Amino acid sequence: MADKLVFANQKGGVGKTTTTVNLGAYLAQLGKKVLLVDFDPQGNLSSSVGADENSTGIYELINGEVTPQEVIQPTPVENLSVISSNINLTGAGVELIDAPSREYFLQRALRSIEEDWDFICIDCPPSLGILTLNGLTAADYVVIPLQCEYFALEGLSMLVRTIKTVQRELNSSLDILGIVFTMYDSRTRLAQEVVRDVSQYFSGRVFRTIIPRNIRLSEAPSFGIPINKFDPKCQGALAYSKLAEEVVDRV
């Protein structure tokens, strides 16, 4: 049975999609069968692994128009596959509002393939709307990418409250796997303070591995490949490799 990880943070630009893609790629490199699920209408995860964004994908899957097997695409990384997303998913945010059991659409869509994978990694939009609630309801664990800046702390408390609500009302088995610091610049005092404060407040919930600010991580998506195929020796790649090992140890 797959360990289902949802990557969530309502703040944009924190490295959420970068973390989903590259952690998934390194889990695959460790020999795990990994399925990436792009649940963000922007489709950035899909383009980051060279997926065909014009093909049927997650929107058609949650609507019941296709089976999971019909929308799973291979990626340039062995053992790593993807269900793509595109702008059509924007409509789901409206369509699901009045639907019965609207928080369970993604869970139902993935249920039949859970035994086919070691990890299912779900990338959510930067919001706490119905799509992210579907991601949280479908998952076993939450991974929270957190940029080392002041406003990230404010958003973190709101996200944790939402997770607790989901645990109480929708998915009692959901747990926080860990907070991963991203875009870390050791030269700034603020970054060091954010790491210190969050590590103290969320003791035991913070990954030891910290993802540095790294230009190669920013460049890789434009080539449609994860960092382990683009520049496996850069600092960002080495960090995600260590994070994958940490995740395997935690689940």
Side-chain angles (χ1 to χ4, degrees), residues 1-8 15-89 92 105-125 131 134-143 145 177 217 220-230 232 237 240-241 243-245 247-248 251:
M1 189 72 72
D3 287 305
K4 300 178 294 296
L5 313 182
V6 62
F7 296 74
K16 180 174 52 61
T17 299
T18 298
T19 298
T20 310
V21 168
N22 292 309
L23 176 58
Y26 275 106
L27 289 171
Q29 191 166 295
L30 290 173
K32 307 297 183 182
K33 285 195 65 181
V34 181
L35 177 64
L36 302 176
V37 178
D38 191 346
F39 211 51
D40 185 343
Q42 297 179 75
N44 291 336
L45 181 147
S46 302
S47 59
S48 295
V49 293
D52 180 3
E53 299 169 56
N54 295 317
S55 65
T56 54
I58 192 65
Y59 175 72
E60 291 79 11
L61 178 60
I62 63 172
N63 276 343
E65 300 172 26
V66 294
T67 65
Q69 290 79 5
E70 291 177 280
V71 294
I72 294 173
Q73 300 181 43
T75 76
V77 177
E78 185 179 0
N79 294 324
L80 184 69
S81 300
V82 62
I83 298 178
S84 67
S85 174
N86 56 44
I87 199 65
N88 291 339
L89 188 61
F105 274 72
L106 182 60
Q107 182 189 84
R108 289 196 292 262
L110 298 176
R111 185 173 294 152
S112 66
I113 58 169
E114 288 183 18
E115 295 184 359
D116 300 333
W117 305 91
D118 295 311
F119 287 93
I120 297 177
C121 299
I122 305 164
D123 186 30
C124 290
L131 295 180
N134 264 259
L136 293 169
T137 303
D140 303 306
Y141 301 102
V142 188
V143 176
L177 188 63
L217 288 173
S222 63
F223 291 86
I225 51 177
I227 196 64
N228 65 336
K229 289 290 185 181
F230 182 66
Y240 277 114
S241 177
L243 181 63
E245 294 175 356
V247 167
V248 170
V251 295

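Quick caveat, the model's predicted, so the values are computed rather than measured.
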Derivation and outcome, side chain to side chain donor-acceptor pair (under 3.5 Å), residues Q73 and S55: CA-CA 10 Å; Q73 300 181 43; S55 65; 3.0 Å; yes

Looking only at heavy atoms, what is the nearest atom pair of [X] and [Y], with distance?
X    : Y    : answer
A109 : L61  : CB-CG, 3.8 Å
L80  : T75  : O-OG1, 2.8 Å
P76  : V49  : CD-O, 3.3 Å
L23  : Y240 : N-CD2, 4.1 Å
T56  : E70  : OG1-O, 4.4 Å
F7   : C121 : CE1-CB, 3.7 Å

Partner of L45 under side chain to side chain contact (heavy atoms under 4.5 Å, CB included), chosen from L36, I122, D40, V37: L36

Answer yes or no: is there a donor N or O on one side and an acceptor on the other, between the side chain of [X] and the main chain of [Y], under 3.5 Å?
X    : Y    : value
S46  : A51  : no
N134 : L106 : yes
D118 : K33  : yes
Q107 : T137 : yes

Evaluate the side-chain proximity of [Y] to [X]: yes if any heavy-atom separation is below 4.5 Å, no if none is.
X    : Y    : answer
L35  : I83  : yes
L243 : Y26  : no
T18  : P145 : no

Residue pair I58, V71: steps toward the side-chain contact (heavy atoms from CB on, under 4.5 Å) verdict: CA-CA 7 Å; I58 192 65; V71 294; over 6 Å; no

Gap separating the [atom1] atom of [X] from the [atom2] atom of [Y], nearest 0.5 angstrom:
X    : Y    : atom1 : atom2 : answer
L27  : S241 : CG    : OG    : 10.0 Å
F39  : S85  : CZ    : OG    : 8.0 Å
L110 : W117 : CG    : CH2   : 11.0 Å
M1   : D116 : CE    : CG    : 10.0 Å
N22  : I225 : CG    : CD1   : 10.5 Å
I62  : L89  : CD1   : CG    : 5.5 Å

K16 bridged to D123 by N-O distance under 4.0 Å: yes

Evaluation steps, salt bridge (charged side-chain N to carboxylate O under 4.0 Å, His left out), between D140 and K4: CA-CA 5 Å; D140 303 306; K4 300 178 294 296; 3.1 Å; yes

Q69 CD: over 12 foreign heavy atoms closer than 6.0 Å: yes

Worked check of side chain to side chain donor-acceptor pair (under 3.5 Å) between T17 and N44: CA-CA 7 Å; T17 299; N44 291 336; 5.2 Å; no

For F230, ring-ring contact (aromatic ring centres under 6.0 Å, His included) partners two or more places apart: F223

